[in-house]
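A short write-up of the structure that comes next.
A note on names: the letters A, B, ... follow the listed sequences, proteins ahead of strands, and every chain is numbered from 1.
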Protein chains: 2
Amino acid sequence: MADTARRPENRYGNRPTMKDVAARAGVGLKTVSRVVNAEPGVTPETERRVQEAIDALGFRRNDSARVLRKGSTASIGLVLEDLADPFYGPLSRAVEETARAHGALLINGSSAEDPDREQELVLALCARRVDGLVIIPAGDDHRYLEPELRAGVATVFVDRPAGRIDADVVLSDSFGGARDGVAHLIAHGHRRIGFIGDMPRIHTSAERLRGYRAAMEDAGIPVEDAWMSLGVTDPERVRHAAEEMLTSPSPVTAIFAGNNRVTVTVVRVLDEQRRPVALVGFDDFELADLLRPGVTVVAQDAAQLGRTAAERLFRQLDGTLLTPERIELPTRLITRGSGELPPAD
Amino acid sequence: MADTARRPENRYGNRPTMKDVAARAGVGLKTVSRVVNAEPGVTPETERRVQEAIDALGFRRNDSARVLRKGSTASIGLVLEDLADPFYGPLSRAVEETARAHGALLINGSSAEDPDREQELVLALCARRVDGLVIIPAGDDHRYLEPELRAGVATVFVDRPAGRIDADVVLSDSFGGARDGVAHLIAHGHRRIGFIGDMPRIHTSAERLRGYRAAMEDAGIPVEDAWMSLGVTDPERVRHAAEEMLTSPSPVTAIFAGNNRVTVTVVRVLDEQRRPVALVGFDDFELADLLRPGVTVVAQDAAQLGRTAAERLFRQLDGTLLTPERIELPTRLITRGSGELPPAD
DNA sequence: CCCGCACCTGACAACGTTGTCCAGGCTCTA
DNA sequence: TAGAGCCTGGACAACGTTGTCAGGTGCGGG
């Protein structure tokens, strides 16, 4: 029974443990723990010896064991749709900053807009015992989270509401923003206005569509089916959809784009048109002001969204926040030219 | 001595453990473990009973304990400069995809270009016993990683090389790319060419500056100090620097921008100039083709950078990769107009 | 000079899981 | 029908850390 047989073969070689440090420093295990955690009650001389042994062995505390013992991981999970989407950059950054301010690490993953993958990710994070979750949901049924919520995992949904459970939600006012954006086009004389957006099963898309319809109805303009294109998001199909509504029997003179990916593609299409077509997009994007014409957008503050969510998360953890709420942040219309073009009939 | 006194007060309330599940199902602890891990040797009937208890209690395995026992966390760490920088979006996405393909989670953090913060983050990740690290370094001395490397933590540096240790590195060819970009301007007749870049202590910045100098030297053009602006990255100062070199005694007729943040600001400045000034930027960015003129760039493939790094990481973990290497990915010059403007003397 | 007190230090159990090992019951065959 | 072998299930230790508690030392005061 050689000593080597006692340790399981893992890929870490054999990292030194507190026990090893203690042996080398000629002190007890607990004393090492005290030094590592800067607890009081250790003679400077003893502390020096321990510190020396730590440096010599290259010891690093094993947080898994610590977590197991203490019950809190000081880490939070962030589940979003796509790390590479520029919209989520400032959002994750804000969540990370807040986490950092609370001494927590951030674990994150992309759901790729797939509800199953979202659930898989969230549950994996729960198994790691993250203290809290910030979720940009892909699915619309989150009852699978009920045991977690009961167990006290703090949870905040961002950008889209939770489905079938009662949880904190931080949103942008998609409905109001879209309505204002479309009303802006109407105010500039447009009546035939197109809408291109993502699948209505995504809450924000549905809300923006609703805003579009509301603005049109407020102005007493009947909406034609040919003006609306839903569930379209990849560049090829957005291009096709835009071209369709520009050449339909009653061609649109303006387009409202439901998110920034759509907006960017529409900009390309309009760039190729002979007659000017007005455009308002939901979501701001870098360089929108440098294009000719500048792109008028309904801007939402992604960083603020993330900050608000993360702060609520930590307030849940503090215990200073108890009842779930739904917070809606206002949007802001930024006029840059494309939304103020008159209709070219 | 109530039972409740036995459990430490943690924020998870009391989550059910395998022991609880076992008690409820009327089986042994290990049997539950077998069911949870889909190990063979459990009767369907027993499995059903256990599964029922799991669902009823909302049990979720505690991965901390599992990790402690097994030694591997199935997670990797990604340390980058700024989550919100669009350049890192595709990179993190690629790392995440690769991690996912290997069944690993991604933990990440931003160093904000601060070496201390980088070290702090990296060591925190090591304490969590991540299996591997992908690091976009902020500092230039990574000897603090030596104990970790010895302990077998797989490590790959991306975008910038490691300092004072021998480690895997995946880079873009900053020197060659910058040289080509500047040579492109020279080929279009420019001789007074400005360079605006980040601090030379950042490896990529230094390399790009070196590329600029090499191209100028190859063409026999002496470089004036007034044409170079280093360590400048925030919009205000970039603007100032650009304006300076455009109005100096020997004003530049073209600018080479050292990274995409600089490029974007320079675009704004040039947009306000009366005479046309040529521009080539390092790093591609969205919509560069839609500006007037389109912005000519030296493009690097961020996603490929991330994918290559992550794949090498997992090959290190497989044991199929043993000696550290330095890999340089080529860049690509994309001409769109701004780099082909003739000098306006 | 001795008692008590404060201050350090270390032994030990526990966190929740998995690997090892053994016991008991079953089936199948001789 | 008995023995061999297989299959299922459980008891137990160990992973590395931290909380509890008790022992030991040195010092000051009575």
Side-chain angles (χ1 to χ4, degrees), chain A residues 1 3-12 14-23 25-50 54 57 59-74 126-129 151, chain B residues 1 3-12 14-23 25-50 54 57 59-74 126-129 151:
Chain A
M1 298 308 121
D3 201 351
T4 56
R6 290 226 328 279
R7 297 216 171 164
E9 266 315 315
N10 60 34
R11 53 171 55 127
Y12 297 118
N14 279 344
R15 297 201 75 142
T17 70
M18 284 194 177
K19 199 169 149 188
D20 302 324
V21 174
V27 302
L29 180 55
K30 179 63 205 201
T31 301
V32 176
S33 172
R34 273 194 269 263
V35 172
V36 169
N37 296 297
E39 283 172 28
V42 180
T43 325
E45 160 60 14
T46 310
E47 177 169 352
R48 195 191 52 73
R49 282 222 315 285
V50 172
I54 288 178
L57 295 174
F59 167 80
R60 197 89 60 205
R61 177 177 65 195
N62 184 332
D63 271 353
S64 297
R66 172 169 227 261
V67 162
L68 178 57
R69 190 62 235 253
K70 303 201 68 133
S72 151
T73 55
C126 288
R128 309 243 157 171
R129 296 293 188 270
Chain B
M1 299 303 123
D3 201 350
T4 54
R6 287 225 330 280
R7 299 217 172 165
E9 264 318 315
N10 60 34
R11 54 172 55 126
Y12 297 118
N14 279 343
R15 296 201 76 142
T17 71
M18 284 193 178
K19 198 168 151 189
D20 301 325
V21 174
V27 302
L29 181 55
K30 180 64 203 197
T31 301
V32 177
S33 172
R34 273 194 269 263
V35 171
V36 169
N37 295 298
E39 283 172 29
V42 180
T43 325
E45 161 59 14
T46 308
E47 178 169 351
R48 194 191 53 71
R49 282 222 317 285
V50 171
I54 289 178
L57 295 174
F59 167 79
R60 196 90 59 205
R61 177 177 65 195
N62 184 333
D63 271 353
S64 296
R66 171 169 227 259
V67 161
L68 178 57
R69 188 66 234 254
K70 303 201 66 137
S72 153
T73 55
C126 287
R128 310 243 157 170
R129 296 292 187 270

Not counting sequence neighbours, which residues clear side-chain contact (heavy atoms from CB on, under 4.5 Å) with [X]? List them please.
| X | value |
| --- | --- |
| B:Leu29 | B:Met18, B:Lys19 |
| A:Val67 | A:Thr73, B:Ser64 |
| A:Ala127 | B:Arg60, B:Asp63 |

Could you check how far [atom1] of [X] sits from [atom2] of [N], rounded to whole Å?
| X | N | atom1 | atom2 | result |
| --- | --- | --- | --- | --- |
| A:Leu57 | D:dG16 | CG | P | 14 Å |
| A:Glu45 | C:dT9 | CD | C1' | 14 Å |
| A:Leu68 | C:dC15 | CG | P | 9 Å |
| B:Arg129 | D:dC15 | CZ | P | 14 Å |
| A:Asp63 | C:dG16 | CG | C1' | 17 Å |
| A:Met18 | C:dG10 | CE | C1' | 14 Å |
| B:Lys70 | C:dT17 | NZ | C1' | 10 Å |
| A:Arg128 | C:dT17 | CZ | P | 14 Å |

* Asked: Less than 4.5 Å apart, any side-chain heavy atom of A:Arg69 and any of A:Arg66?
  ->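 Contact flag for A:Arg69/A:Arg66 side chains = no.
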* **Atom pair CG (B:Asp20) and CD1 (B:Ile54), whose distance is rounded to the nearest 0.5 Å** =>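 Result: 12.0 Å between the selected atoms.
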* Asked: Which parts of nucleotides 6-13 of chain D does protein reach within less than 4.0 Å, heavy atoms only, written one letter per nucleotide 5' to 3' as B for base, S for sugar-phosphate only and - for none?
  -> --SBBB-B
* Asked: For C:dT18, does either OP1 or OP2 sit under 4.0 Å from a side-chain N or O belonging to B:Asn37?
  ->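 Checking C:dT18 against B:Asn37, a side-chain N or O does come within under 4.0 Å of OP1 or OP2.
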* Which salt bridge (charged side-chain N to carboxylate O under 4.0 Å, His left out) pairs, counting each pair once, include a residue from residues 25-44 of chain B, with sequence neighbours left out? ->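 Salt bridge (charged side-chain N to carboxylate O under 4.0 Å, His left out) check on residues 25-44 of chain B returns no pairs.
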* Asked: Under 3.5 Å, is there a donor-acceptor pair between the side chain of B:Arg15 and the main chain of A:Ala151?
  ->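 Not confirmed, B:Arg15 side chain does not pair with A:Ala151 backbone.
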* Want to settle it: does B:Ala65 or A:Arg61 sit nearer the 5' end of DNA chain D, counting the closest nucleotide to each? ->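 The 5'-side residue here is B:Ala65.
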* Asked: Closest approach of A:Val36 and A:Phe59, non-hydrogen atoms and distance?
  ->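 In this case the closest contact between A:Val36 and A:Phe59 is CG2-CE2, 3.9 Å.
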* To do: Using five base pairs at each end, measure the axis-to-axis angle across the helix from C:dC1-D:dG30 to C:dA30-D:dT1 and round it to 10 degrees.
  =>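 Here the local axes at opposite ends form an angle of 50°.
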* Are side-chain N/O atoms of B:Asn37 and B:Arg61 paired as donor and acceptor at under 3.5 Å? ->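 Side chains of B:Asn37 and B:Arg61: pair found under 3.5 Å.
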